[in-house]
Amino acid sequence: QVRLVESGGGLVQAGDSLRLSCAASERTFSAYSMGWFRQAPGKGREFVATITWPSNRIYYGDSVKGRFTISRDNAKNTVYLQMNSLKPEDTAVYYCARAGRTTMISSDYDTWGQGTQVTVSS
């Protein structure tokens, strides 16, 4: 059973940057699309970004376009989320997840990490 472990969250001020990492426990990591989602208190899970396999196409949610960048390093079994120009509304628990196809729908992802908290103060 593959495990996904997120890291890199924290408390920052508005305008700051953070880079989240998601490490997978299996070498088959490279054969899947990887996505980032987030969930703020009292809200549903929101699509943030995904990077597909094998074409490495990238898609972003409207609220993060131009500020966040997703990337992957298959040699390290790791996917990253570089977050710039952070806003208080970006405050949420961020999850990485794995899917067998290109999708922005959370229910299509079959494996999830435990999440990492990102808090942006104004």
Side-chain angles (χ1 to χ4, degrees):
Q1 180 79 16
V2 65
R3 288 197 310 126
L4 302 176
V5 180
E6 301 98 334
S7 61
L11 172 63
V12 297
Q13 293 186 331
D16 286 350
S17 298
L18 275 177
R19 188 176 82 155
L20 306 183
S21 300
C22 172
S25 61
E26 282 189 357
R27 286 180 289 179
T28 55
F29 163 85
S30 62
Y32 291 88
S33 294
M34 298 298 297
W36 286 96
F37 290 79
R38 65 186 183 185
Q39 188 163 16
K43 295 187 177 181
R45 195 160 288 187
E46 178 187 9
F47 168 75
V48 174
T50 188
I51 183 166
T52 69
W53 178 88
S55 58
N56 278 347
R57 286 175 295 170
I58 291 173
Y59 302 91
Y60 294 102
D62 288 342
S63 61
V64 306
K65 281 180 182 176
R67 300 188 298 122
F68 290 12
T69 302
I70 189 172
S71 61
R72 66 192 299 166
D73 185 337
N74 290 336
K76 296 182 178 179
N77 292 348
T78 301
V79 62
Y80 303 97
L81 185 69
Q82 177 67 41
M83 305 185 295
N84 298 330
S85 302
L86 283 162
K87 304 175 181 179
E89 51 263 45
D90 294 318
T91 295
V93 177
Y94 284 70
Y95 300 89
C96 71
R98 184 190 78 169
R101 64 186 186 93
T102 303
T103 178
M104 302 177 210
I105 301 172
S106 60
S107 58
D108 289 337
Y109 288 76
D110 61 7
T111 303
W112 292 79
Q114 83 289 349
T116 185
Q117 176 71 46
V118 172
T119 303
V120 185
S121 64
S122 57

Task: For A40 against A92, the heavy-atom pair lying closest together - done: N-CB, 3.8 Å
- [ ] May I ask you to decide if T103's main-chain N or O and Y109's side chain share a donor-acceptor pair within less than 3.5 Å?
- [x] yes
Task: Salt-bridge present (D90, K87; N to O < 4.0 Å) - done: no
TODO: State the CZ-OH distance between R98 and Y32, to the nearest 0.5 angstrom.
DONE: 4.0 Å
- [ ] Please answer whether the main-chain N or O of V2 pairs with a side-chain N or O of S25 as donor and acceptor at a distance below 3.5 Å.
- [x] no
Task: Residue pair S33 / Y59, side-chain donor-acceptor N/O under 3.5 Å - done: no
TODO: With rounding to the nearest 0.5 Å, note down the distance linking CD in Q114 to CD in E6.
DONE: 4.5 Å
Task: Backbone N/O of E26 and side chain of N77: donor-acceptor pair under 3.5 Å - done: yes
Open item on the list: Which heavy atom of S17 sits nearest to which heavy atom of S85, and what is that distance?
Closed with: OG-N, 4.3 Å
Task: Within-4.5 Å side-chain heavy-atom neighbours: V120 and V118 - done: yes
Task: S63 side, atom OG; F68 side, atom CZ - distance, nearest 0.5 Å - done: 7.5 Å
Open item on the list: If I compare all heavy atoms of L18 with all of G10, which pair ends up nearest, and what's the gap?
Closed with: CD1-N, 4.0 Å
- [ ] Provide the closest heavy-atom pair for P88 versus A14 in the form atom of the first, atom of the second, distance.
- [x] CD-CB, 4.1 Å
- [ ] Return the minimal non-hydrogen interatomic distance between V64 and V48, and the atom names on each side.
- [x] CG2-O, 3.4 Å
Task: pair M83-V12: side-chain heavy atoms closer than 4.5 Å - done: no
Task: Same apolar cluster (I L V M F W Y, side chains within < 4.5 Å links), Y80/Y94 - done: no
Open item on the list: Using only atom types and a distance under 3.5 Å, with no angle test, would you say the side chain of Y60 pairs donor to acceptor with the backbone of I70?
Closed with: yes
TODO: With rounding to the nearest 0.5 Å, note down the distance linking CZ in R67 to CG in L86.
DONE: 6.5 Å
Task: Rounded distance [0.5 Å steps], CD in Q39 versus CD in Q117 - done: 11.0 Å
TODO: State, yes or no, whether a side-chain contact exists between W36 and V79 at a heavy-atom distance under 4.5 Å.
DONE: yes
Open item on the list: With clusters defined by side-chain heavy atoms of hydrophobic residues (ILVMFWY) lying less than 4.5 Å apart, directly or transitively, does L81 cluster with I58?
Closed with: yes
TODO: Report yes or no: do L4 and F47 belong to one cluster of Ile/Leu/Val/Met/Phe/Trp/Tyr joined by side chain heavy-atom distances under 4.5 Å?
DONE: no
TODO: For the residue pair R57 and T50, establish whether any side-chain heavy-atom pair is separated by less than 4.5 Å.
DONE: no
Task: Approximate separation, where rounding is to 0.5 Å, of Q82 CD and L20 CG - done: 9.0 Å
Task: Hydrophobic cluster membership, V93 vs W112, 4.5 Å side-chain cutoff - done: yes
